[in-house]
Amino acid sequence: MPTRAPYPFAEIEPRWQKAWAEARCFRAAQPGEPGSERPKAYILDMFPYPSAAGLHVGHLEGYTATDIVARYRRMLGQNVLHPMGWDAFGLPAEQHAVQTGTHPRVTTATNIGNFRRQIQAMGFSYDWEREIDTTDPKYFRWTQWIFLKLYEKGLAYVAEAPVWYCPALGTVLANEEVLPTDEGPRSERGNHPVERRPMRQWMLRITAYAERLLQDLDLLEWPESLKEMQRNWIGKSEGAEVVFSVEGSGEKIPVYTTRPDTLFGATYLVLAPEHPLISSLTSPDRKAAVEKYVRESAAKSDLERTELAKKKTGVPIGATVVNPVHGEKIPVWVADYVLASYGTGAVMAVPAHDVRDFEFARENNLVVRKVIRPDSGPSPDCFTEDGINFDSGFLDGLKTAKAKAVISDWLEKNGHGRRQVRYKLRDWLFSRQRYWGEPFPIVWKGDRHEAIPEKDLPLTLPELADFQPMASGEPPLGKAEAWKKFPDGRVRELNTMPQWAGSCWYYLRFCDPGNDSRPWSPDAERYWMAGGGVDLYVGGAEHAVLHLLYARFWHKVLFDLNLVSHPEPFRRLVNQGIILGEDNRKMSKSLGNVVSPDEVIREHGADALRVFEMFLGPLEQMKPWSSKGMEGAVRFLSRVWRLVCEETDSGEWATSPALADTAPATETVRALAKATAKVTEDLEKIQFNTAISALMVLVNHLTGLEKRPKSAVLHLARLLCPFAPHLAEEVHARLGGNGLVSVAAWPTYRKEDLQEEAFELAVQVNSKLRGRLTVPSQATKEDVERLVRAHPDLASWTGGKPVQKMILVPRRLMNLIVE
RNA sequence: GCCCGGGUGGUGGAAUGGCAGACACAAGGGACUUAAAAUCCCUUGGGGAGAAAUCCCCGUGCGGGUUCGACCCCCGCCCCGGGCACCA
């Protein structure tokens, strides 16, 4: 027989959820509506993909954090936009369709229903009237519309390029969706092997925005580590292109280098095996060896080619080039340590000042020539830092920065090269050979593509019974004969957009979700995105270079089209840390350490789950689940409950006789003021673990009182509301509070109530703690010094030695320096 | 290899130049109870002295430094987590 619940959360929680829904108290006022005159706050979660597995406690951590902030801001009197929706296109539903024949729409609807139920059971204060589903034609109509804007701007194009193809998923993937693993490159979703294949694909020209995506990171209040990840991904480098002429032919080979100052030390040149000039430049006697090498390189997996431990291989091609700076002739090699996909696919090798060139030179007995020495100290065999040039003609004696400038000027003046900025960022591979995604609003007339008219949007998916990918590599949409073919012979684009498309702009749709004539009205966008966009965005760090980079890119395009009012979408971003299983390992089905929110809510209630997840530790930190800790949260909430109710002999909850209508005593006033100050401060800083700790201190104080002033408990209810809203409502109602506490004003306190009459001053002698002393709060520095000098224990503290110096830290300590 | 985080009691964590360990978990003791659960109260970093109130020593990964004073700032290491990785 189950023991009695420590407090009746199972009855309380659904009742208040219903009351909130009926009162529509979390509705955000659109600009122009009553309520919109208040300051706005846009508090956003990364909306989930509604999986079959349901929500996990990690989702709930982020959602609880934003809900706390949203509720707090609402109580501060702000007009809060706190919406939720579904990023519902994606592979899992389609894989399920392939296996079972169930239409992805059906699976998706079921999963959304389950996610919504789980989220609502937590009592989150979302404005459900703004719910979004990216698979709804009313939504993806505008995703397609935005794609057309990109298309019109020339930012969407078709290219035949080596792309990552995943045979298991039957689709191509973006660079960002491929992860390097010990077994070679794998798909981010599903961990399937992927391979390079040349294919015709839609690309988005994100590289055109590389510099702005990099620069504008400085506008953002994001974790520094995340900004750094984006910077690395964009990978800006500044250097120069240097042109080498091939001896005995008219050919020129441009190379890209970030160290043009080392040009005097270049002793050979290396081409990537895919370099287009290889076959024409190879001398007849080297032909066989070079062709063999190129063939072998092509057969190597990417892993084999990038394996660091491996020796660098390569062969000379029998050509020489001229170093433009002094006319020296140096040999040309082909080696697969040079990447075809970066720079010009060719490098000038300076073994004395580049580790890779050095390793290769040592392997192949190539000349190593030093031209840079350190500012001081001995010169290592391979010195890659900045230093001072020597044996470098007109660069001699120059420091690296200056030498780079001088040689760049020289190259430009003499027509041997130019300054150049490069980025590692590649264009975004935007098409997928899948069914369950947005169809491209594009038709093909032979080899030429064109946009379909805006008025024909949305272009919906054709009904299919068979979702199996075709062995030919043609997308599933190819099976919809009637859909794809026009009477005039034109055919539809058969690829669909990747899952990221819908999430690239959903935060804008939330501003005006019902708009049928445009994606959002300018008024709504200006209102909700004012002040730099979304005010708080919370989600997992796994989206650092995927969603967050793509969305920033689209936003900038929209900004250039005057469709949004600020260049960045998300002003402040916080990553919630992963919640590990109780065994300190990542939660996973196979380890059997997954905690189900449904079960936790049934056993302990939603408020307890909210409080516990926030009390575990700092939001950003990785932390393990603890079922004992969970019970601690329940215990805390039931202590709050028992401030108001007492259990009778018959097991009923009756109003506690300790409650009184009296005014709170000084200590209680102080306890309330302190808790209010601390909780308010911590809410602003998103430090909820310490905020809850302050609430616990207050509850412990109130529990200890013989007579509990109702006003004090009502004050507590308001402080508690963002964290445990159901219980706060119940306590508030039982004590006769007005209306809903969820929309009550955030409590305030008087500064003077924080003051104690006296405080304990620690007394140190030569920085060692020696004693304590009670000092009245209003005591001046002189008063305190007098008190210390007059203290009977002073002589024993100092060993009778004279005090030479007194260092006072107001209200904290006094350090006496003797000897 | 490079770039970010981080290392504090038995555990999760507080304290970012001023009395280390708030708050909670666990543990131990007590009250209530026929008993248990629940609840309430007390103790709880380690070591030592004392009959006791108390008092002393040590202690924030390791080694140096700055400072009246360092978990906090600086230098050099070690370990853990995350990201990037032949990008010239």
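Basis for what follows: all heavy atoms, side chains included, without hydrogens, waters or symmetry-related copies. Here the structure is a predicted model, which is why all the values come from computation and not from measurement.
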Protein-nucleotide distance ([X], atom [atom1]; [N], atom [atom2]), rounded to Å:
X	N	atom1	atom2	value
Tyr7(A)	rU39(B)	OH	P	14 Å
Leu813(A)	rA15(B)	CG	P	19 Å
Trp653(A)	rA38(B)	CH2	C1'	9 Å
Asn584(A)	rC80(B)	CG	P	15 Å
Ile234(A)	rG83(B)	CD1	P	18 Å
Leu339(A)	rA85(B)	CG	P	11 Å
Lys312(A)	rG1(B)	NZ	C1'	11 Å
Met348(A)	rC86(B)	CE	P	20 Å

I want to know whether Phe688(A) and Phe615(A) have ring centres closer than 6.0 Å.
no
For the residue pair Trp641(A) and Phe9(A), is the inter-centroid distance of their aromatic rings smaller than 6.0 Å?
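Centroid distance Trp641(A)-Phe9(A): not below 6.0 Å, so no.
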Nearest listed nucleotide, side chain of [X], among [options]:
X	options	value
Ile807(A)	rG18(B), rC56(B), rU39(B)	rG18(B)
Tyr256(A)	rC40(B), rA88(B), rC4(B)	rA88(B)
Pro624(A)	rG18(B), rG12(B), rA88(B)	rG12(B)
Ser225(A)	rG83(B), rC4(B), rC84(B)	rC4(B)
Glu228(A)	rC68(B), rG18(B), rC3(B)	rC3(B)

Closest non-hydrogen atom pair, Ile330(A) against Ala266(A):
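Closest heavy-atom pair between Ile330(A) and Ala266(A): CG2-O, 3.8 Å.
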Would you please say whether a donor-acceptor pair under 3.5 Å links the side chains of [X] and [Y]?
X	Y	answer
Tyr268(A)	Asn364(A)	no
Glu211(A)	Tyr423(A)	yes
Glu756(A)	Ser777(A)	no
Ser656(A)	Arg642(A)	no

Going by purine N1 to pyrimidine N3 plus the second Watson-Crick contact, or the G-U wobble pair, all under 3.5 Å, which nucleotide sits opposite [N]?
N	value
rG28(B)	rC42(B)
rG81(B)	rC4(B)
rU34(B)	none
rA14(B)	none
rA20(B)	none
rC73(B)	rG65(B)
rC55(B)	rG48(B)
rA88(B)	none

Base orientation of rG12(B), syn vs anti, 90° cut from 0
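Anti conformation for rG12(B).
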Less than 4.5 Å apart, any side-chain heavy atom of Val350(A) and any of Met348(A)?
yes
For nucleotides [N] and [M], find the distance between their [atom1] atoms and express it as a whole number of Å.
N	M	atom1	result
rG9(B)	rG5(B)	C1'	24 Å
rU66(B)	rC73(B)	C1'	8 Å
rA27(B)	rA37(B)	P	12 Å
rC55(B)	rU44(B)	P	14 Å
rG82(B)	rC23(B)	P	33 Å
rU67(B)	rC74(B)	P	16 Å
rA15(B)	rU8(B)	P	15 Å
rA70(B)	rC84(B)	C1'	34 Å

Can you check whether [X] has a side-chain N or O nearer than 4.0 Å to OP1 or OP2 of [N]?
X	N	value
Tyr337(A)	rA88(B)	no
Gln621(A)	rG6(B)	no
Arg642(A)	rC40(B)	yes

Quiz item: cation-pi between Arg422(A) and Tyr256(A), 6.0 Å / 45°
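Yes, a cation-pi geometry.
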Let's go through Gln420(A) and Glu241(A) carefully: what are the C-alpha distance in whole Å and the side-chain angles of both, what is the deciding distance for side chain to side chain donor-acceptor pair (under 3.5 Å) to 0.1 Å, and is it a yes or a no?
CA-CA 6 Å; Gln420(A) 205 164 63; Glu241(A) 193 172 273; 3.2 Å; yes
Going through the checks in order, is the side chain to side chain contact (heavy atoms under 4.5 Å, CB included) test met by Thr257(A) and Val347(A)?
CA-CA 7 Å; Thr257(A) 176; Val347(A) 302; over 6 Å; no
Please classify the nucleic acid contact of [X] as base, sugar-phosphate, or nothing, using heavy-atom distances under 4.0 Å.
X	result
Arg231(A)	nothing
Ser341(A)	nothing
Lys227(A)	nothing
Pro223(A)	nothing

Contact nearer the 5' end of RNA chain B, comparing Lys768(A) with Val809(A)
Val809(A)
Using heavy-atom distances to pick each residue's nearest nucleotide on RNA chain B, tell me which of Pro618(A) and Lys424(A) is more 5'.
Pro618(A)
Whether the side chain of Asn815(A) and the base of rC68(B) hold a donor-acceptor pair under 3.5 Å is what I'd like checked.
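Present.
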Would you give a per-nucleotide map of nucleotides 20-29 of chain B, 5' to 3', where B means the base has a protein non-hydrogen atom under 4.0 Å away, S means only the sugar-phosphate does, and - means neither?
--BBSSS---
